[in-house]
There are 2 protein chains.
Amino acid sequence: MKAESKEPTRYHHGNLRQALLAAARRLLEAEGHSNLSLRKCADAVGVSATAPQNHFPSKAALLTALAAEGYAELETYMRKGIDGTADRNARRNAALLGYVAFAQDHPALYELMFARDRVSSSDPELLRHVRACFAILAENSKDFGRFDGDAEKVAARQQMFLWSLVHGYSQLLTANRFKKESMLGESILDILPDLRS
Amino acid sequence: MKAESKEPTRYHHGNLRQALLAAARRLLEAEGHSNLSLRKCADAVGVSATAPQNHFPSKAALLTALAAEGYAELETYMRKGIDGTADRNARRNAALLGYVAFAQDHPALYELMFARDRVSSSDPELLRHVRACFAILAENSKDFGRFDGDAEKVAARQQMFLWSLVHGYSQLLTANRFKKESMLGESILDILPDLRS
DNA sequence: GCCTTCATGTGAGCAGCGTAAAGTTTCCCC
DNA sequence: GGGGAAACTTTACGCTGCTCACATGAAGGC
């Protein structure tokens, strides 16, 4: 019966919601998505099998919250290298390197973040974080590359180009689809084509 | 008891393996991955729940075979536009358009093809088809873009660049991650930067 | 023609899963 | 200190992948 004076709002067992998310993330990154179950999360936290339902209406809701957490962390990965950098090209490169680093550090979470049938992609909280990430890429894709169209069209194409490239690279890299001998000391900057006219 | 003289090897019910794959694919594209089960496939074909085990040692094995089928079809999508085209740039563009078309026509299957924890990515049959697809992209990425390094390095970077771009574009497109207003009449060729020096 | 063999398919059954419903504990507010 | 809501437990249901014991039927040797 030792008094634990840590969390402000303790009802019965603590703030279960965050504990479940943490356990889910641990299980996801340790044993992969197919070995993740609500019951295991509940076990890991020490509550009954149905306790999670008080905080997540479904398993998909928990995975969606996990994915949202992932996007938030992806944002900090990108910001880390950007903050304190003034040069425009250096900022763009830092964002790209941060993006790839996140995917490599958390491959299972990254895969979840793009799995349409496990995550409800219309969740507003999720969309908020997705848009925040995209905004960083969008900011740093200006004046990059030569594309046709009016200013608006060009900006959209620059953004789609950079996001496609960095996302495809990250996923193919974590899925081991690139030949090993091509990857020695390689980074995404090496496949960023020289676009200066 | 009509005599069906079609398949060479008929034992009890027909060639169940292919029938199961067809049913699995139908279920996958109709109801999504999370609603696909071996039992439903078996039901759809009209056999008992454990019959699939004679042809696939596990569910992952069936999904892997399905993914391999997907890569084979991706290859034909890419080849369709290439065959009969002589110009080098036109061939490359046709391969890219075919790639994206496949992902749009079969989004659930395309997602499965890159889902590391549902498919055993070391399966030799799967790898054969993956490599066949990559080979087409590799052939058509020559003399594209300006990259640093010796000839071998440049070739590897051209290939990684094109594959990253087309895969990222396909997945972000099917995941609806691009802004709708940017996508009106857009194609992947519009975000292929002008790389001529 | 019979009999063995073995691939193929069936049926019963198990542990684990997500989730629903009802009951129980704890806390807070009045 | 009593009422009520929030947090959690218990029980239960249908579905899942998978194992095991057994039935079936085609193939091939004698």
Side-chain angles (χ1 to χ4, degrees), chain A residues 1-24 27-28 30-67 112 115 117-120, chain B residues 1-24 27-28 30-67 112 115 117-120:
Chain A
M1 312 295 200
K2 57 192 88 169
E4 302 193 4
S5 57
K6 216 175 172 184
E7 303 299 333
T9 50
R10 280 209 170 240
Y11 2 91
H12 299 127
H13 282 84
N15 53 353
L16 188 51
R17 191 191 147 94
Q18 253 185 268
L20 283 171
L21 280 173
L27 277 168
L28 179 68
E31 312 184 29
H33 158 264
S34 46
N35 288 93
L36 194 170
S37 72
L38 284 180
R39 292 171 117 98
K40 279 184 189 171
C41 294
D43 262 17
V45 175
V47 296
S48 76
T50 57
Q53 295 198 273
N54 293 302
H55 303 272
F56 302 98
S58 67
K59 185 182 183 182
L62 188 151
L63 293 182
T64 300
L66 210 55
L112 176 69
D117 46 4
R118 294 177 242 173
V119 161
S120 67
Chain B
M1 308 305 185
K2 59 195 94 172
E4 301 192 5
S5 58
K6 213 175 173 187
E7 302 299 331
T9 53
R10 279 214 168 234
Y11 2 89
H12 298 128
H13 280 82
N15 52 353
L16 188 51
R17 191 189 147 94
Q18 252 184 268
L20 283 171
L21 280 172
L27 278 168
L28 178 69
E31 311 183 27
H33 158 264
S34 47
N35 288 93
L36 194 169
S37 72
L38 285 180
R39 291 170 120 98
K40 281 183 190 170
C41 294
D43 264 16
V45 174
V47 295
S48 74
T50 57
Q53 303 265 8
N54 291 306
H55 301 272
F56 302 99
S58 68
K59 184 181 183 181
L62 188 151
L63 293 182
T64 300
L66 211 55
L112 175 69
D117 46 4
R118 294 176 243 172
V119 162
S120 67

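So you know, we letter chains A, B, ... as the sequences are listed, proteins then strands, and number each from 1. Note that the structure is a prediction, hence the values are computed from the model and not measured.
Atom NZ in K59(A) sits roughly 12 Å away from atom C1' in dT16(D) (whole-Å rounding). For the pair Q53(B) CD and dT19(D) P, the computed distance is 6 Å after rounding to whole Å. Note: NE2 (H33(A)) to C1' (dG18(C)) measures 13 Å, nearest angstrom. Distance CZ (R17(A)) to C1' (dA6(D)): 16 Å, rounded to an integer number of Å. Put simply, CG on L27(A) is 10 Å from P on dC17(C), counting in whole angstrom units. Remark: C1' of dA6(D) and CG of N15(A) are 15 Å apart, rounded to the nearest angstrom.
Residue contacts shown for S58(B) are limited to sugar-phosphate atoms, with no base heavy atom under 4.0 Å away.
A 4.5 Å side-chain heavy-atom check between K40(A) and N35(A) finds at least one atom pair inside the cut-off. Between L16(A) and N54(A) there is no side-chain heavy-atom pair separated by less than 4.5 Å.
In this structure, H55(B) reaches the dG9(C) phosphate: one of its side-chain N or O atoms is under 4.0 Å from OP1 or OP2.
For T50(A) and dT10(D), a side-chain-to-base donor-acceptor distance below 3.5 Å is present, hydrogens and geometry of angles not being considered.
For T64(B), the side-chain hydrogen bond (donor to acceptor under 3.5 Å, both in side chains) partners at least two apart in sequence or on another chain are S120(B).
Proximity note for N54(A) (side chain, C-beta onward) versus dT10(C), dA7(D), dC18(D): the nearest is dA7(D).
Contact check of residues 34-45 of chain A against DNA chain C (heavy atom, cut-off under 4.0 Å) returns S37(A), L38(A), R39(A), K40(A).
Taking all atoms of both residues into account, the shortest heavy-atom contact from A23(A) to C41(A) is CB-O, 4.2 Å. Pairing each heavy atom of F56(B) with each of L21(B), the nearest pair is CZ-CG, 3.9 Å.
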### Query
Does the pair L36(B) and E31(B) meet the rule for a side-chain contact (heavy atoms from CB on, under 4.5 Å), with working shown?
CA-CA 7 Å; L36(B) 194 169; E31(B) 311 183 27; over 6 Å; no
